[in-house]
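Take a look at the structure below.
Chain letters run A, B, ... following the sequence lines, proteins first and then strands; every chain starts at 1.
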Amino acid sequence: MKIELEKAYEAKQFEDKIYKTWEESGFFNPDNLKHAKKPYCILMPPPNVTGILHLGHALENSILDIEIRFRRMCGYKALLLPGADHAAVATQARVEKELQKAGIKNPREELGREKLLKKIREYSENSKSTILNQIKKMGTSCDWSRFAYTFDETRSNAVNTLFQKMYNDGLIYRGYRAVNWSVCGQSTASDDELVYEDEPVTIYTFKYSHDFPIPIATTRPETKLGDCAVAVNPKDDRYSKYIGQKFTVDIGALNPLTITIIADENADMNYGTGAVGVTPAHSMIDFEMYQKNKEIGIIPVIGHDGKMTKNAGENYQGLTVLEARKKFVNWLKENNLIIKQEESIHSVGKSDRFGDVIEVLPMRQWFIDVNKKIPGKNKSLKQLMKDVFTIGHNGNKKKIIKITPARFLNSYMQWIDNLRDWCISRQIWWGHRIPVWYKDKEIKVSLEPLGDGWSQDSDTLDTWFSSGAWTFSTLGWPKKTKDFKMFHPTQWMQMGYEILFFWMARMILMTTYAIDDIPFEEVYIHGILRSKEGKKFSKSLGSGLDPIEIIKNYGTDALRLSLIKGIAPGNDAKFYEEKVVGARNFINKLWNISRYILMSVNDIKLIEKEPKAQTLADQWILQKLNSVIESVTENLNNHNFSLASEILYDFTWTDFADWYIEISKIEKGKEQILLYTLQTLLKLWHPFIPFITETIWKNIDSKLLMISSWPKTDHKSEEKINNNFEKLQEIIIAIRNLKNENKIDLKTVVHCHLESKKYFELIMDQKNIIESLARVKLTSDKYKDVVHILDIDIYIEIKINEQDKIKKIKEIVAYINKLEEKINNKDFIQKAPTNIIENEKKKLKSAYDLLEKLK
RNA sequence: GGGUUCAUAGCUCAGUUGGUUAGAGCGUUACGUUGACAUCGUAAAGGUCAGAGGUUCGAUUCCUCUUGGACCCACCA
C-alpha cells in the first residue's frame, strides 16, 4: 500500500494529537512497561508554580526527555517524575507585588495571614496549570499520575517528618544569631540567596574619641553606634599592649559605649589601620567574634524596619540607615574625629528576590547545624556531603556520585568548606510552617496540631528545605512505598550549574542523612543559554525568545533539536532563532525522506531483520548504519546528546538522503533496505525529535514508536562484509591521497565523483555510470568532458598542462621528502604505533606512484 | 585573595584518554534543479587551533608562563 503525505511537515497538525496518544497509551507510567525490570528513574527539577516556560526549562525538558525516552526504548522501567515547586519567597514576593499594583499597599497587614495565603494559593493554582501544560508542549514523557508538588500533603508530611527527625537528633536548633534580613521582604535570607553588586562607597577612618588610641575604618558609620569592641591582631606591636583594656566612649548612642580591645587573628595588620571596629549585631564576622568573646556584649542599632532603634540614641532613633549615616558623619566631622575619607568600590549584598540591600541583624531563628556529629554516625552533615564524592557514602565505593563535568566538584568542595549553619526559618507565610509548638515555656515538635494553649511557630521553612527532600519525598517517603523501594536512589539527575549549591548540595545533605543513601547515582550539569549578545535570558524580563512562540512557528521537534545541537556539558551556549530554522529544515528533510520512501515502496511493513545487501552500495550503507547505531548508543549512554545528534544528522542527510537514496533511483531493488534504514533512523531519532518520528511511524506500524526497542547492531553481518570493505577502503584512501596532492585541476573530477558521491564508481561499471550520472543529474555540462574519465591516470595526462605539471612534481617531491624524513626517523619507527607507521608508508607509496604517472 | 573556565573558519560552536588530511551549522561565492525536499542539490573560498616556551618520534589536545574575556567563593575594618 502506498501512502500519500503532505509536501511539508506541519508540526502544528500533529503534535498535540501525538502527545494525547502517548498519554492515553499509559506508557509514560513505568507500571505499564510490563516486560521492563530494571528501574531508571529521573526526577524533573520542579519548576516554580508561578513561572512560565522559558528557554532554560525548554533545554532541561529536552535533555530529560531524550534521556528517559532512550532508556525506555532500551527496555528499562523508565520513570520521569514530574513536579512543581511552591517556591516560597519567589511566589509570595510576586503575589504581593501584584496586590500592590492593585492598590493594596501592605498586603500582609491589610489582608492578614489567612487571606493572603488564600490569594497566593489561588494565584499559584492558576499558574501551575499553565507551566504544566507548557511542559506537555515540550513533549516531555513524564508520568503525570505520579505528579508531586512540594507543597502537597505527601511532601508536607515528608518535610515535617524530616524536621522532627533532625530536631530530635539535635541537628536543628533555635538560636539568637546574626542573619541576613531583607527589609523589603521582611524576612531572613540564606547566604546563597544574596546577590552581590559593586557599588561606590566612602570609607571613613576615624576615632571614637580624641583619647581613644586606635583609629578604625568603616563604610557603615551608622552601625558604629552599636560597636562593642575593637579587634587587633595579637602579633601587632602597635596595639597588642591594649588587648583586654576597656574604653568608654560617648558617640551619641543611647548609652556611652564600652569598647573592649580584643585579639583576633582575622584582623590583618597590613590592611587599613590594622584594627577592626566590632559591631556584633550587624556583621556576620563581628558576630562570630562576639561568640568567642561574649563579654563584649551586643547592641542592635538597626531594626527590622531598616530604621535606627532606640539603642542608637535619641538623635538617631527612627532615622533610616542612610539618614543616620549622614548625621553621624557630620557629628564626627564637627568633633574633628575623622582622620581620612576615601572613595572606593565595594560589593554590597542584596536580596535576590526583593532587590534591597541586606541588613545583618541578630535574631532568634532556626538553623541546621552542619558541623555537629550526627548521633550514631560520628560524622557531621558537612562530612556526609563530602563523602559522596570522595570515599562514597558510608565508605562504600559504589555509592560515589558521578558528576559531569567533573570540574564542578572543585567548587562544590570549596563551597562546603565555607558552609555556615543554614538558617532555615523565613518570616514569609507561603511555605511549610515550622512544626514547632509553644505553650508558656514549653517547646514541642509535632506533626499534628496540639490542643488548647499551644500556638505554632509563625515562621515558615526555606523553600530549599523541601527541595532537598525531593528525591525521596516524591517517592512517598516516609512511607515505605513500592516506588521508594523500586526507584531510590534515582539513576540520574540533571540541573544547571547555577543551582548546584542551592539544590544539589541540599539533596545530598538531606538524603544521606534521612535515607542513609545517595540521592542519585549520577548528576549531569548543563550550562546556561544566552542571547546572541551573551546575556542571560532573564526569567523575569523574558528577553526576546519565548519557547512557546518558537513551538508555534517551528514546532517542538525543531526547538528541541536546536537546543541540543552544539552544546557541551556545563558550558554556556548561545541561542538564537537561526538555529531553530536550521533544525526545522532538517525536520522537513526527514519528513521528505520518509515521504519519498513511503510513497515509492509498495509493501510497507515492519522489517525486523537487516535485509541482505545486494550491491556494494547496500553493504556500505548498512555498514555505516551499524556504526551509527553503535556510536549513537554509546554517546547516549554517556549523555553526549549533542554529539549523538550530530552523528545522526550527518548520516541521515549526507549519507542516506543525498547519497544512498539517489543511488536507489538508478539501482533498483533497494526497497527493503530503504525501509529498514528509515525505520532504524526513526528509532534512533525518536528521543530527540519524538513528534515527527512518531507521526511517520504511524504509517509503518500500529504499535507506538515510543516503546519500540532500541536498534542493535548485527555484528555477524558486519564480519561477513568486512573483507569487501577493507578492499574498498584501500582504494578510497588511495584516491583521497591523489585528490589531496593534485589540488589544482583534479579537484573538479575528484570532488564531483569521488568525494561527495563516495564510492559511486566502485558500484557500477563505467557505462552504467555515464548513463546514471546523466539521469540523476549529478553532472552538469561542465563535467561532461570528464564523465568518461573516471580513470584518473588518463585524466591527468589529458588535463594537466606542462607548467602545472612541473609545479605539481615539485610539490610532490617536497612532500615525499618530508614523508621519508619522518619514516627514516629511528624514534618514529621504534615508538610510534604500527598503524600510524603503515599509514605513512602507504602515503609515501601513493605519492611515488603519482610521481611516476606525472612523469 | 582562593578557585573554575574560555580563546579553533566571517558568525555560533563541536573536537571523548596526544596520531592519517582539525569538523558542523549559518553566512559568502559559483554552478545546477521538470515531482521526495528551494525548508533542495553539487562544489568553492575561508584556520600559524590567542601568544611564547617545555615534555614527546609527534601537541589544537598534557605542563609552565603571558595576553584578553567570563564565572564561582571568600573578604571588603
Minimum-distance nucleotide (side-chain atoms of Tyr576(A) versus A36(B), U12(B), U5(B)): U12(B)
Euclidean distance for P, G69(B) against G54(B) (whole angstrom): 28 Å
G51(B) to G68(B) separation - P atoms, rounded to the nearest Å: 16 Å
Any N/O donor-acceptor pair, Ser347(A) side-chain to C76(B) base, under 3.5 Å: yes
Sugar-phosphate, base or nothing in reach of Tyr196(A), heavy atoms under 4.0 Å: base
U12(B) and G19(B), which share atom name C1', separated by this distance in whole Å: 29 Å
Sugar-phosphate, base or nothing in reach of Asp650(A), heavy atoms under 4.0 Å: nothing
Atom pair distance, as rounded to whole Å: CG in Asn592(A) and C1' in G41(B): 13 Å
Separation between the P atoms of A45(B) and A24(B), rounded to whole Å: 13 Å
Touch class at under 4.0 angstrom, heavy-atom based, for Lys574(A) against every strand present: sugar-phosphate
Pi-cation contact, Tyr576(A) with Lys579(A) (under 6.0 Å, within 45°): yes
Centroid-centroid distance, Phe586(A) to Phe688(A), less than 6.0 Å: no
Spacing of Ile604(A) atom CD1 relative to A36(B) atom P, expressed in whole Å: 16 Å
Sugar-phosphate only, base, or nothing, as touched by Gly582(A) at under 4.0 Å among non-hydrogen atoms: nothing
Nucleotide opposite A74(B) in a Watson-Crick or G-U pair, distances under 3.5 Å: none
Sugar-phosphate, base or nothing in reach of Asn640(A), heavy atoms under 4.0 Å: base
Sugar-phosphate only, base, or nothing, as touched by Tyr271(A) at under 4.0 Å among non-hydrogen atoms: base
Distance, rounded to the nearest Å, where Ile285(A) contributes CD1 and G1(B) contributes P: 19 Å
Quiz item: Ser344(A) side-chain donor-acceptor pair to C76(B) base, under 3.5 Å: no
Sugar-phosphate only, base, or nothing, as touched by Ala8(A) at under 4.0 Å among non-hydrogen atoms: base
Between U5(B) and C62(B) - P atom distance, rounded Å: 10 Å
Separation of C75(B) C1' from Glu288(A) CD (nearest whole Å): 12 Å
Met269(A) backbone acceptor or donor facing Asn233(A) side chain under 3.5 Å: no
N/O donor-acceptor pair under 3.5 Å between Ser562(A) side chain and Leu559(A) backbone: yes
Touch class at under 4.0 angstrom, heavy-atom based, for Ala583(A) against every strand present: nothing
Pairwise C1' distance, U56(B) and U61(B) [rounded to whole Å]: 13 Å
Comparing Ala573(A) and Tyr204(A) on RNA chain B - which has the more 5′ nearest nucleotide: Ala573(A)
Residue matched to C37(B) through Watson-Crick or wobble contacts both under 3.5 angstrom: none
Thr695(A) and Tyr9(A): CA distance, side-chain angles, deciding distance, side chain to side chain contact (heavy atoms under 4.5 Å, CB included) verdict: CA-CA 10 Å; Thr695(A) 306; Tyr9(A) 176 66; 4.1 Å; yes
Asn585(A) side chain near C40(B) phosphate (N/O to OP1/OP2, under 4.0 Å): yes
Rounded distance in Å - CD1 (Ile823(A)) to C1' (C57(B)): 13 Å
Phosphate-side-chain proximity, Lys589(A) and G41(B), N/O vs OP1/OP2 below 4.0 Å: yes
Residue met sooner reading RNA chain B from 5', once Asn410(A) and Asn635(A) are mapped to nucleotides: Asn410(A)
Assigned partner base of U64(B), Watson-Crick or wobble definition, under 3.5 Å: A52(B)
Sugar-phosphate only, base, or nothing, as touched by Ala231(A) at under 4.0 Å among non-hydrogen atoms: nothing
For U28(B), the Watson-Crick or wobble partner whose two distances fall under 3.5 Å: A44(B)
Minimum-distance nucleotide (side-chain atoms of Leu643(A) versus U12(B), G41(B), A14(B)): A14(B)
Shortest side-chain distance from Arg584(A), nucleotide among G15(B), U39(B), A36(B): U39(B)
Plane angle bin for Phe389(A) and Tyr412(A) - parallel if under 30°, tilted between 30 and 60°, otherwise perpendicular: perpendicular
Interatomic distance at P, U20(B) relative to G2(B), whole Å: 39 Å
Of the listed nucleotides U39(B), U4(B), C40(B), the one nearest the side chain of Asn588(A): U39(B)
Identified pairing partner of U5(B), criterion: Watson-Crick or G-U wobble below 3.5 Å: G69(B)
Whole-Å gap separating C1' (U39(B)) and CD (Glu578(A)): 15 Å
Nearest-neighbour nucleotide for the Phe501(A) side chain, C72(B), A74(B), U5(B) considered: C72(B)
Stepwise side chain to side chain contact (heavy atoms under 4.5 Å, CB included) check, Ile587(A) with Phe691(A): CA-CA 10 Å; Ile587(A) 302 286; Phe691(A) 287 109; over 6 Å; no
Sugar-phosphate, base or nothing in reach of Ile593(A), heavy atoms under 4.0 Å: base
Protein-nucleotide distance (Glu6(A), atom CD; U39(B), atom P), rounded to Å: 16 Å
Sugar-phosphate, base or nothing in reach of Arg530(A), heavy atoms under 4.0 Å: nothing
Any donor-acceptor N/O pair under 3.5 Å between G2(B) base and Gln414(A) side chain: yes
Test: Lys565(A) cationic atom under 6.0 Å from Tyr649(A) six-membered ring centre, within 45° of axis: yes
Length of the line joining Leu500(A):CG and C73(B):P, which is rounded to integer Å: 11 Å
Sugar-phosphate only, base, or nothing, as touched by Lys7(A) at under 4.0 Å among non-hydrogen atoms: sugar-phosphate
Sugar-phosphate only, base, or nothing, as touched by Ile567(A) at under 4.0 Å among non-hydrogen atoms: nothing
Candidate nucleotides C40(B), A14(B), G19(B), ranked by approach to the side chain of Asn571(A) - the nearest: A14(B)
Check: Ile262(A) main-chain N/O paired with Thr260(A) side-chain donor or acceptor under 3.5 Å: no
Pairwise C1' distance, C49(B) and A14(B) [rounded to whole Å]: 13 Å
